[in-house]
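Data block below; observations after.
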Amino acid sequence: MKGVLRMEDRQLPKWSEIRELLQFRSFEMDPVQRRLARAFTIADLRAMAQKTTPKAVFNYTDGAAEEEISIARCRQAYRDIEFSPAVLRDVSDPDPSTKLFGRTIDFPLVLAPTGYTRMMHNDGEKAVARVAARNNIPYTLSTVGTTTVEDLAKAVPEGNNWFQLYIAKDRSKTEGLLERVLTSGYDVLMVTVDTQVGGSRVRELRDGLTIPPTLSPKTFADMALHPSWWFDKLTTPPIEFASLRGFGGNSAEVADQVFDPALTFEDIAWLRNVWPHKLLVKGIQTVKDAERVVELGCDGVVLSNHGGRQLDRSPTILKILPKVREALGSEPTVLIDSGIMSGSDILAAVGLGADAAMVGRAYLYGLMAGGERGAAHAVKILRSQYVRSMQLLGVKSTAGISGDHVALAG
């Protein structure tokens with residue numbers, strides 16, 4: 001019958017023909033590189049981090065407050081974004097760069113401040129800052145980081161290094177810390193204002209990962225299953241709030257000095273008077289508060305619910321972004337974090353009015369999965385996704401992304 005392949009028409013392929021179809025990968029001897037080669041998304045890095053890190057440490061990074069509703073809503077808001085691509089546009093030479101405070105960065109990403117970073121991997125803050133410097137994006141060292149402001153500045157002098165501040169109850173101690181930050185060359189300060197008290201992070205309570213730690217036998221046994229992690233911790237300097245050594249007391253007592261439930265707008269006005277460079281306020285969750293801090297002379301805001309780690313059921317940050325941008329106008333800097341897990345998420349944030357996005361968990365998953373190389377891989381994933389999504393949107397540059405390209409659900 002016409003069109004039917006008969007058995008007599010078939011023939012066995014020659015080995016030379018099969019060999020051309022088989023392209024075997026050479027075996028990678030380095031286990032970290034072998035692992036990272038299989039990570040194509042931040043979710044892949046997260047899965048790897050869960051295997052390579054003790055449960056309590058992973059949960060410290062991955063977890064959020066109470067029922068973890070806020071972080072779930074934030075991530076869902078990005079999933080619900082709808083893009084409007086324009087076709088037949090020349091996107092052959094994309095330019096993802098943008099400017100922050102007059103300085104060109106490679107794409108609109110800032111690596112956020114995170115506490116206890118050396119607990120995730122001994123490479124810690126210095127490694128993350130080196131990754132940021134190589135990719136020409138800012139890195140923000142936390143007040144409760146595990147590397148001092150001086151050590152980070154010396155380790156990565158070429159970096160676009162920012163500092164995140166908690167205003168201590170004793171203002172003289174904050175002034176002393178600010179003097180060290182200035183002397184070390186940091187010129188962007190980010191003050192966090194959503195930590196009047198610590199959020200109730202149930203995973204940490206169950207794991208006993210409190211300050212100071214009260215590990216249960218079960219948690220201790222789980223950590224024992226990760227000997228390389230233990231070896232790093234036992235053969236390197238102790239993990240501590242490195243920039244706060246002069247505060248006195250154990251970790252719990254230092255934290256009590258740092259988190260001030262009496263913080264008000266008057267303290268932001270005071271900080272504006274004593275800090276001579278760029279000042280951002282992190283933890284803004286309403287239009288009214290954004291307007292108020294800009295009126296006080298701050299250079300911009302970071303829209304953030306602390307990654308869902310403070311008040312559960314707090315606002316879904318992406319949804320308030322367009323309202324804040326409209327209220328503030330084009331001049332103040334507007335950054336956004338909480339829930340960003342892909343380059344497409346960054347693009348959505350830029351389209352809705354952000355100057356750049358911030359990520360913390362995303363690079364920490366990489367750090368846990370593979371140290372400095374893992375953090376670098378996380379940034380590589382985010383940049384690649386951002387550029388590809390930009391091109392598929394029909395946009396040649398970050399400057400060309402607008403609200404016409406991005407729609408919030410509803």
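These values consider heavy atoms only, across backbone and side chains, with no hydrogens, waters or symmetry-generated copies. Numbering of residues begins at 1 and proceeds along the displayed sequence. Not measured: the values here are computed from a predicted model.
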- Message: Walk me through whether L141 and Y186 qualify under side-chain contact (heavy atoms from CB on, under 4.5 Å).
- Response: CA-CA 10 Å; L141 177 66; Y186 297 76; 3.8 Å; yes
- Query: What residue among H226, R35, H121 forms side-chain contact (heavy atoms from CB on, under 4.5 Å) with T52?
  - Reply: R35
- Is the number of heavy atoms from other residues, nucleotides or ligands under 6.0 Å of E158 CD greater than 12? yes
- Which heavy-atom pair separates T147 from S243 by the least distance, and what is that distance? O-OG, 3.6 Å
- Query: More than 12 heavy atoms of other residues, nucleotides or ligands under 6.0 Å from CZ of R180: is that the case?
  - Reply: yes
- Query: Where do I81 and L318 land on the side-chain contact (heavy atoms from CB on, under 4.5 Å) test, with the steps shown first?
  - Reply: CA-CA 10 Å; I81 283 289; L318 187 65; 3.9 Å; yes
- Message: For a 4.5 angstrom cut-off between non-hydrogen side-chain atoms, does L393 reach M390?
- Response: no
- Message: Check the orientation of Y60 and Y116. Use parallel for under 30°, tilted for 30 to 60°, and perpendicular for over 60°.
- Response: perpendicular
- Any side-chain heavy-atom pair of R245 and T148 under 4.5 Å: yes
- Task: Measure the spacing between CG of L189 and NZ of K282 and express it to the nearest 0.5 Å.
- Result: 13.0 Å
- Task: State whether the side chain of T140 and the backbone N or O of F163 hold a donor-acceptor pair below 3.5 Å, judged by distance alone.
- Result: no
- pair F265-E295: side-chain heavy atoms closer than 4.5 Å: no
- Message: Checking R130 against E125 for the salt bridge (charged side-chain N to carboxylate O under 4.0 Å, His left out) test, could you report, in this order, the C-alpha distance in whole Å, the side-chain angles of both residues, the deciding distance, and whether it holds?
- Response: CA-CA 9 Å; R130 286 192 292 265; E125 290 90 353; over 6 Å; no
- Pair D44 + R38: basic N to acidic O under 4.0 Å: no
- Any donor-acceptor pair under 3.5 Å linking the side chain of T398 with the backbone of T98? no
- Task: Decide salt bridge (charged side-chain N to carboxylate O under 4.0 Å, His left out) for D337 and R361; before the verdict, give the C-alpha distance in whole Å, the side-chain angles of both, and the deciding distance to 0.1 Å.
- Result: CA-CA 10 Å; D337 73 5; R361 286 184 179 94; over 6 Å; no
- Message: Quick check on K169: does its NZ atom have over 12 non-hydrogen neighbours (other residues, nucleotides or ligands) under 6.0 Å away?
- Response: yes
- For T192 and Q164 the tightest heavy-atom approach is OG1-NE2, 2.9 Å
- Query: Would R171 and D260 pass as an ion pair if we require N to O under 4.0 Å?
  - Reply: yes
- Item | Any donor-acceptor N/O pair, R309 side chain to G198 backbone, under 3.5 Å | no
- Task: Answer whether the closest heavy-atom distance between the side chains of L100 and L335 falls below 4.5 Å.
- Result: yes
- Message: With side-chain hydrogen bond (donor to acceptor under 3.5 Å, both in side chains) as the criterion, how do Y365 and D62 come out once you've worked through the C-alpha distance, each side chain's angles and the decisive distance to 0.1 Å?
- Response: CA-CA 9 Å; Y365 293 141; D62 191 63; 2.4 Å; yes
- Item | Passing candidate, side-chain contact (heavy atoms from CB on, under 4.5 Å) with S389, options S384, S342, S344 | S344
- Task: Would you please say whether a donor-acceptor pair under 3.5 Å links the side chains of D289 and Q285?
- Result: no
- Query: In Å and rounded to the nearest 0.5 Å, what is the CD to OG distance from E179 to S184?
  - Reply: 9.5 Å
- Tightest non-hydrogen contact, residues A349 and L321, listed as O-CD2, 3.3 Å
- Message: If I take atom CD1 from residue I346 and atom OH from residue Y78, how far apart are they, to the nearest 0.5 angstrom?
- Response: 9.0 Å
- Task: Could you check V395 against V91 for side-chain contact (heavy atoms from CB on, under 4.5 Å), going step by step and ending with a plain yes or no?
- Result: CA-CA 6 Å; V395 178; V91 293; 5.8 Å; no
- Query: So, W275 side chain and K278 main chain: donor-acceptor pair closer than 3.5 Å or not?
  - Reply: yes
- Query: V287 and A327: which non-hydrogen atoms are nearest, and at how many Å?
  - Reply: CG1-CB, 3.5 Å
- Query: Going from CG on L279 to OG1 on T333, what distance comes out if it is rounded to the nearest 0.5 angstrom?
  - Reply: 11.0 Å
- Query: Do I167 and L263 have side chains that get closer than 4.5 Å, going by heavy atoms?
  - Reply: yes
- Query: Side chain of R325, backbone of G353: donor and acceptor closer than 3.5 Å?
  - Reply: yes
- Query: Looking at side-chain heavy atoms only, is the closest gap between F259 and V197 below 4.5 Å?
  - Reply: no
- Using a 4.5 Å cut-off on heavy atoms from C-beta on, say whether the side chain of P237 contacts that of R118. yes
- Query: Looking only at heavy atoms, which two atoms of V294 and L328 are closest? And how far apart?
  - Reply: CG2-CD2, 4.0 Å
- Quick one: pull up SG in C74 and CG in N305 and give me the separation to the nearest 0.5 Å. 4.0 Å
- Task: Apply side-chain hydrogen bond (donor to acceptor under 3.5 Å, both in side chains) to the pair N160 and W162, showing each step before the final yes or no.
- Result: CA-CA 7 Å; N160 186 359; W162 298 3; 3.1 Å; yes
- Shortest non-hydrogen contact from T53 toward F58: CG2-N, 4.1 Å
- Evaluate whether atom CZ of F231 has more than 12 neighbouring non-hydrogen atoms of other residues, nucleotides or ligands under 6.0 angstrom away. no
- State whether the number of non-hydrogen atoms from other residues, nucleotides or ligands found under 6.0 Å of K233 atom NZ is greater than 12. yes
- Apply the test salt bridge (charged side-chain N to carboxylate O under 4.0 Å, His left out) to residues K396 and D95: give CA-CA distance (whole Å), side-chain angles for both, the deciding distance (0.1 Å), then the verdict. CA-CA 6 Å; K396 199 166 186 174; D95 178 15; over 6 Å; no
- E68/R201 salt bridge by N-O under 4.0 Å criterion: no
- Student check: side-chain heavy atoms of V302 and M190 closer than 4.5 Å: yes
Could you pull out every donor-acceptor pair under 3.5 Å between side chains of residues 104-115 and any protein atom, sequence neighbours left out?
residue, atom, partner, partner atom, Å
D106, OD1, N136, ND2, 3.0
T114, OG1, T117, OG1, 2.9
T114, OG1, Y363, OH, 3.3

- Could you go step by step and tell me if D299 and R272 meet the salt bridge (charged side-chain N to carboxylate O under 4.0 Å, His left out) rule? CA-CA 10 Å; D299 299 286; R272 177 67 287 180; 3.0 Å; yes
- With R373 as partner, the option from L367, V131, D123, L36 fulfilling side-chain contact (heavy atoms from CB on, under 4.5 Å) is L36
- Note on the structure: In this structure, CH2 of W270 is separated from OG1 of T264 (nearest 0.5 Å) by 11.5 Å
- Message: Using modelled atom types and a 3.5 Å cut-off, is there a donor and acceptor pairing between side-chain atoms of D345 and backbone atoms of M341?
- Response: yes
- Take I336 and M358 through the test side-chain contact (heavy atoms from CB on, under 4.5 Å) and record every step on the way to the result. CA-CA 6 Å; I336 184 172; M358 293 177 59; over 6 Å; no
